[in-house]
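Only a predicted model underlies this, so the values are computations on that prediction, with no experimental measurement involved. Scope of the values below: all heavy atoms of this structure, side chains included, with no hydrogens, waters or symmetry mates.
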Amino acid sequence: MTGKNRENYNKNYIAYVHSFDPPTQHFKNCFRAYLVGGFICCIGQFLRYILEFAFGLQGDVLAGTVSVILIFLGTLLTGLGVYDRIGKNAGAGSIVPITGFANSVASPAIEFKTEGMIYGMAAKMFIVAGPIIVFGVLAGTAVGIIYLFL
């Protein structure tokens with residue numbers, strides 16, 4: 001096959017493959033991600049107001065308590081299989097908030113629990129979240145060093 005024939009063959013094959021792809025609805029996907037991500041953040045803000053006014057929490061204790069509750073809810077919904085359905089419909093809107101991070105830790109742990117507690121669940125728990133933690137710590141350190149010298 002010559003170079004010109006191969007190029008035509010590749011173009012025809014790509015056109016054939018694209019004929020089976022459903023058209024991507026970018027605006028619809030972005031709108032759903034915006035709504036779901038915003039709704040998750042509104043739940044966090046609601047929890048913040050409840051904890052602040054009903055229980056009198058303030059400052060770091062308030063922020064930490066809201067974070068722990070959201071992480072718990074994200075993990076619980078992952079364990080029940082609800083968060084996967086939310087993610088399928090919301091896309092990035094379910095990944096960005098703190099509940100998405102909880103989902104990224106809990107999902108591999110649930111998936112590999114059949115391999116045992118040590119080699120399965122404990123070893124695979126951070127398979128997705130591990131790089132996020134590493135790069136987050138490195139980026140935080142870099143920003144801290146830059147802030148120190150400025």
Side-chain angles (χ1 to χ4, degrees), residues 10-11 13-150:
N10 287 341
K11 287 180 183 177
Y13 179 73
I14 290 171
Y16 175 73
V17 169
H18 285 302
S19 70
F20 290 102
D21 287 340
T24 305
Q25 300 172 339
H26 297 293
F27 181 76
K28 183 178 176 183
N29 292 342
C30 288
F31 186 69
R32 275 198 265 173
Y34 174 78
L35 285 179
V36 172
F39 182 69
I40 292 171
C41 292
C42 285
I43 291 171
Q45 191 65 38
F46 176 75
L47 290 170
R48 184 178 173 91
Y49 285 145
I50 294 295
L51 292 171
E52 184 175 5
F53 294 119
F55 297 103
L57 298 180
Q58 294 178 353
D60 290 340
V61 173
L62 177 62
T65 304
V66 171
S67 296
V68 167
I69 291 172
L70 287 174
I71 290 169
F72 171 76
L73 290 175
T75 306
L76 178 68
L77 291 176
T78 299
L80 297 174
V82 174
Y83 208 88
D84 293 335
R85 285 184 267 152
I86 293 170
K88 187 180 286 186
N89 291 317
S94 65
I95 296 171
V96 175
I98 194 167
T99 53
F101 184 74
N103 174 271
S104 70
V105 172
S107 289
I110 292 169
E111 183 178 344
F112 293 105
K113 72 179 178 182
T114 58
E115 296 179 21
M117 291 294 286
I118 302 298
Y119 292 116
M121 193 172 80
K124 305 289 185 177
M125 186 181 301
F126 294 104
I127 203 165
V128 175
I132 296 168
I133 294 169
V134 169
F135 288 116
V137 169
L138 289 176
T141 303
V143 169
I145 290 172
I146 291 170
Y147 181 74
L148 177 70
F149 290 117
L150 292 177

Point-to-point distance, once rounded to the nearest 0.5 Å, from CG of L76 to CG of N103: 12.0 Å

Determine the minimum heavy-atom distance between G93 and I40, stating which atoms define it. O-CD1, 4.0 Å

CG (D21) with more than 12 external heavy atoms under 6.0 Å: yes

Separation of H26 NE2 from N29 CG (nearest 0.5 Å): 8.0 Å

Looking at every heavy atom in both L70 and I43, which two are closest together, and how far apart are they? CD2-CG2, 4.4 Å

G91 backbone acceptor or donor facing R32 side chain under 3.5 Å: no

Any side-chain heavy-atom pair from K88 and D84 closer than 4.5 angstrom? no

Using 0.5 Å steps for rounding, measure from the CD1 atom of I14 to the OG atom of S19. 12.5 Å

I'd like to know whether V36 forms a side chain to side chain contact (heavy atoms under 4.5 Å, CB included) with I86, so could you lay out the CA-CA distance, the side-chain angles of the two residues, the decisive distance to 0.1 Å, and finally the verdict. CA-CA 8 Å; V36 172; I86 293 170; 4.0 Å; yes

In terms of heavy-atom contacts, S94 and G87 come closest through OG-CA, 3.2 Å

Straight-line distance of F39 CZ to F46 CZ, nearest 0.5 Å: 10.5 Å

Do Y83 and T99 have a side chain donor and acceptor closer than 3.5 Å? yes

Of the non-hydrogen atoms in T75 and A106, which two are nearest, and what is the gap between them? CG2-CB, 3.9 Å

With a 4.5 Å limit on heavy-atom distance, are the side chains of V66 and L51 in contact? yes

Nearest heavy-atom neighbours spanning L80 and R85: O-NH2, 4.4 Å

Can you list the residues that meet the ring pair (Phe, Tyr, Trp, His ring centres under 6.0 Å) rule with Y16, with sequence neighbours excluded? F20

